[in-house]
Structure formats: C-alpha cells, structure tokens
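Data block below; observations after.
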Amino acid sequence: MWTEQQIIEIRAALLRWYDRQGRTLPWRVRPEDRANGVIADPYAVWLSEIMLQQTTIPHGTPYWYKFLDLYPSVEALAAAPLDDVLTHWAGLGYYARARNLHKCAITVATERGGEFPRTKTELLTLPGIGDYTASTIAAICFDQPTNIVDGNVERVISRMHRVEEPLPKAKAFIKSLAAVIADSDRPGDYGQAVMDLGATVCTPRSPLCDSCPWSDWCEALEAGDQTAYPKKAPKKKQPIRFGGAYVMMRDGAVWLRRRPSEGLLGGMMEVPTSEWADVMPSVVPPVEADWSRSPAPVKHVFTHFELRLDVYRTEIDGDPDGEGRWVACEALSTVALPSLFKKVLRAVGI
DNA sequence: AACGCGTGGTT
DNA sequence: TAACCAAGCGT
C-alpha cells in the first residue's frame, strides 16, 4: 500500500488537475469561489443529485433548470401537488425518485424549517437520499469529510488497484479503498474531482491515461489492461413481454388513466393496455368499437424487460368504463405521461 | 442480498 | 444491432 506521504501527493495531484480544469456544472461552486466562502445551495445540489442518479448530465440538466424555475425553493416544491411534480419529471425515468423528491421536500419544509440537515447521518434518514447522495450533499454543501463513491469512482479505484472481484459484490471493498485517499481538507472539491476524473478521463471504453493525474499510481495502466476493470458480474438476458395498447379518441382528446401509485411507472398516467405477458395476450379491447392497429408494435426497453405493444386506435362517442379522463391532444404535455406512452400515441399519429 | 426501477445516447 | 452505459435507492 501507499505511505502517508504518497497519499498526500495523490490527493494533491487530483486537486491540482481539478483546479486546472475549471469544469463548471451549473449547481456547482467553483474552487476559487468556495475558497472565498461561497456556499453551494443545498436545495439546488440535492435536486441535481437526485436527478442525476443513473442519469446522464445532458439528459438531466434541462430538468434541473426547469425545476429550479418552477420551484425555486424547497418550500415551493413541497407546496406543489405530487401530480405536478410527476408531470414535470415525465421523461426522466425512475419515477420513484420524483415521489421521494416530493416526500423529502415536504419533510424538509415542514419538519426542518426548510433547512437540509448538515450531516451525512441525518441526510440518510430522508427519502430518496442514500449513501452516495448523503455523502455528496454533506461534502459539497457542508464541508463534511465523507467518502463519495459513485459509478465513476468505482471505475477509477478498481483500475488503480486492479480489483479482481466483480461488481456489485466488490462495492464495499472498493469503497474501503476509496476511503484511504478521500480528502478531508477539501471534501466537496475532492469528491467532484474524482467523479469528474471518472467521467472525463477514466472513461469506460477509451480512458485518456495520458491526461490522467493519477497515471503514476494506476496498477491497471502499468499492466496495460485498464478497460478490464471494473470487473462485472455477467448480466442475465432480459425477457420480452407483449401486450396491446388501446388509444381511445373523442373530440380530439385521448382517454388516459392513472397507474397505481407504486411500482413500475407508479403514479403516472397511461394509455389503457392489456396485461403484459411472455406471449401476446388474447386481444380484449376495453370497448366494442372499430379498432385499427398500427403497422408496427411499439418497442420500449425497461431495465429488466423489453416491452412490445401492439397499438390500437378508435374513435368513440361515450365514455369508456372504469377510471380515467379525457385529455386534449394539445394538453398532453401538461400530464404525467411517461415516454412509453408518448411513443404509443406517436405510433397512431398523435 | 438481489432485484425492481426508465430513458436515451454510444459503440 | 445488441450490448452497454449513466453523479443509485428502496425493499
């Protein structure tokens, strides 16, 4: 292992690199500003961290601007109806994040006077905030010396040490290795620096080792097998499920209903569908009508299965049975409609 | 502890 | 094209 002196040099090399980058993300405080006492806004940082969980920065960033504009404070977010929050989250995926975001905002606004807790331990008690997010907020906003480990850090550390154990089993071990070099003098900058390193230099496919501040200490670079790490457990093939979606139109409006509040796409609106099964279920339309089927099924890939929906469309006069409501086609952007069902509507020309 | 949970971009 | 990937969390 490294001597204390080496560890100090490793930290310093990363922070020198980071300071030189000048990479700015909109919710960040630049190192020079931080040195002058500028404090990151916990609300804005929390919002960004929840949105960026398993989400790329280009995809998440427009949502961050929109939410800050619509809900400039945690109180404003807490006061909004959940359905509005889900509407504005639509398209970002992992909708439990939006439900937890709203729940967390209510807790902070009503039980904590609008102030986020300043310690990792207290942050961990809030809905939607796990180890990574708690560590990050505590470090970036409150200068707490935490050990920030996300997917980027796992890749960087597993390469430096050529960790042979595959993820996700190796998470605890990698985290213990990361803790050895985590910086306690500039916790926020260090955490962002090591994540940036993974995101821009120590990339999954083609790492830019010539530009890496840690190349002197990287075992994988020395061995020439950087991209062999992190080792990952083989993933199983995902099943394909089939079903039918039934688009009912009346006077330029579409019939939508609300999904159950938990589980897949929980709380979001949907076009009525059949059950989703391993083989195409027998077709039982929700109303007797003259249905036309779209030429090609809609394909949609979830995390744990692929869905193929045959899309049927019809015009009806009355109301369908069951819960739901008519939504004018021009007003579809004002409802909590996930991408899957936007695709379904697009497939029949809406 | 392993699995459920979205979506869009890249290779 | 199929596989892989992205600043994880809850149960």
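Protein chains get the first letters and strands the later ones, always in sequence-line order, with residue 1 at the start of each.
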Selection [range] - residue pairs positive for salt bridge (charged side-chain N to carboxylate O under 4.0 Å, His left out), sequence neighbours left out:
| range | answer |
| --- | --- |
| residues 262-274 of chain A | A:Arg99-A:Glu262, A:Arg257-A:Glu270, A:Arg259-A:Glu270 |
| residues 195-217 of chain A | A:Arg23-A:Asp196, A:Arg28-A:Asp196 |
| residues 152-163 of chain A | A:Glu154-A:Lys171, A:Arg162-A:Asp225 |

Quiz item: Expressed in whole Å, how much space separates the C1' atoms belonging to B:dG6 and C:dC4?
Solution: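 These two C1' atoms come out 15 Å apart once rounded.
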
Quiz item: Taking atom P in both B:dC3 and C:dA7, what distance in whole Å separates the two?
Solution: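 Each nucleotide's P atom is 23 Å from the other's.
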
Self-check item: For A:Glu306, side-chain contact (heavy atoms from CB on, under 4.5 Å) partners two or more places apart
Solution: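 For A:Glu306 the side-chain contact (heavy atoms from CB on, under 4.5 Å) partners, ignoring immediate neighbours, are A:Ile240, A:Lys299, A:Val301, A:Arg308.
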
Exercise. Output all residues satisfying side-chain contact (heavy atoms from CB on, under 4.5 Å) with A:Ala78, sequence neighbours left out; order by chain, then residue number.
Key: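 Result, side-chain contact (heavy atoms from CB on, under 4.5 Å) vs A:Ala78: A:Ala105, A:Ile106, A:Ala109.
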
Practice problem: Using a heavy-atom cut-off of under 4.0 Å over every strand shown, decide if A:Leu265 touches base, sugar-phosphate, or nothing. | Solution: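 Sugar-phosphate contact only - A:Leu265 comes under 4.0 Å of backbone atoms but never of a base.
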
Exercise. Using a 4.0 Å heavy-atom cut-off across all strands, classify A:Val153 as base, sugar-phosphate, or nothing.
Key: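 The answer is nothing, as A:Val153 stays clear of every strand by at least 4.0 Å.
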
Exercise. Measure up the A:Trp326 and A:Trp255 rings against each other and bin them: parallel (under 30°), tilted (30 to 60°), perpendicular (over 60°).
Key: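 The rings of A:Trp326 and A:Trp255 stand perpendicular, inter-plane angle above 60°.
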
Exercise. Report the relative orientation of the aromatic rings in A:Phe302 and A:Trp276; use parallel for angles under 30°, tilted for 30 to 60°, perpendicular for over 60°.
Key: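 Judged by the thresholds at 30° and 60°, the geometry between A:Phe302 and A:Trp276 is parallel.
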
Quiz item: Using a heavy-atom distance cut-off of less than 4.0 Å, which residues of residues 331-350 of chain A contact DNA chain B?
Solution: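 Going residue by residue through residues 331-350 of chain A, the ones with a heavy atom under 4.0 Å of DNA chain B turn out to be A:Pro338, A:Ser339, A:Leu340.
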
Hydrophobic clusters join Ile, Leu, Val, Met, Phe, Trp and Tyr when side-chain heavy atoms are under 4.5 Å apart, directly or via other members; which others share one with [X]?
| X | value |
| --- | --- |
| A:Val38 | A:Val29 |
| A:Ile8 | none |
| A:Leu124 | none |

Exercise. Treat primed atoms plus P, OP1 and OP2 as sugar-phosphate and everything else as base, then score nucleotides 4-11 of chain C 5' to 3': B for base contact with protein heavy atoms under 4.0 Å, S for sugar-phosphate contact only, - for none.
Key: BSBBBSS-

Quiz prompt | Value in whole Å for how far the C1' atom of C:dT1 lies from CD of A:Gln238 | solution =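 Whole-Å distance recorded here is 17 Å.
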
Exercise. Under 4.0 Å from any heavy atom of chain A: name the first and the last nucleotide of DNA chain B that qualifies, 5' to 3'.
Key: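 Boundary nucleotides touching chain A, in 5' to 3' order, are B:dC3 to B:dG8.
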
Please tabulate, for side-chain N and O atoms in residues 132-143 of chain A, each donor-acceptor pair with protein atoms closer than 3.5 Å (sequence neighbours left out).
| from | atom 1 | to | atom 2 | distance (Å) |
| --- | --- | --- | --- | --- |
| A:Tyr132 | OH | A:Glu49 | OE1 | 2.7 |
| A:Thr133 | OG1 | A:Gln53 | NE2 | 3.0 |
| A:Ser135 | OG | A:Lys120 | NZ | 3.1 |
| A:Ser135 | OG | A:Asp131 | O | 2.8 |
| A:Thr136 | OG1 | A:Tyr132 | O | 2.8 |

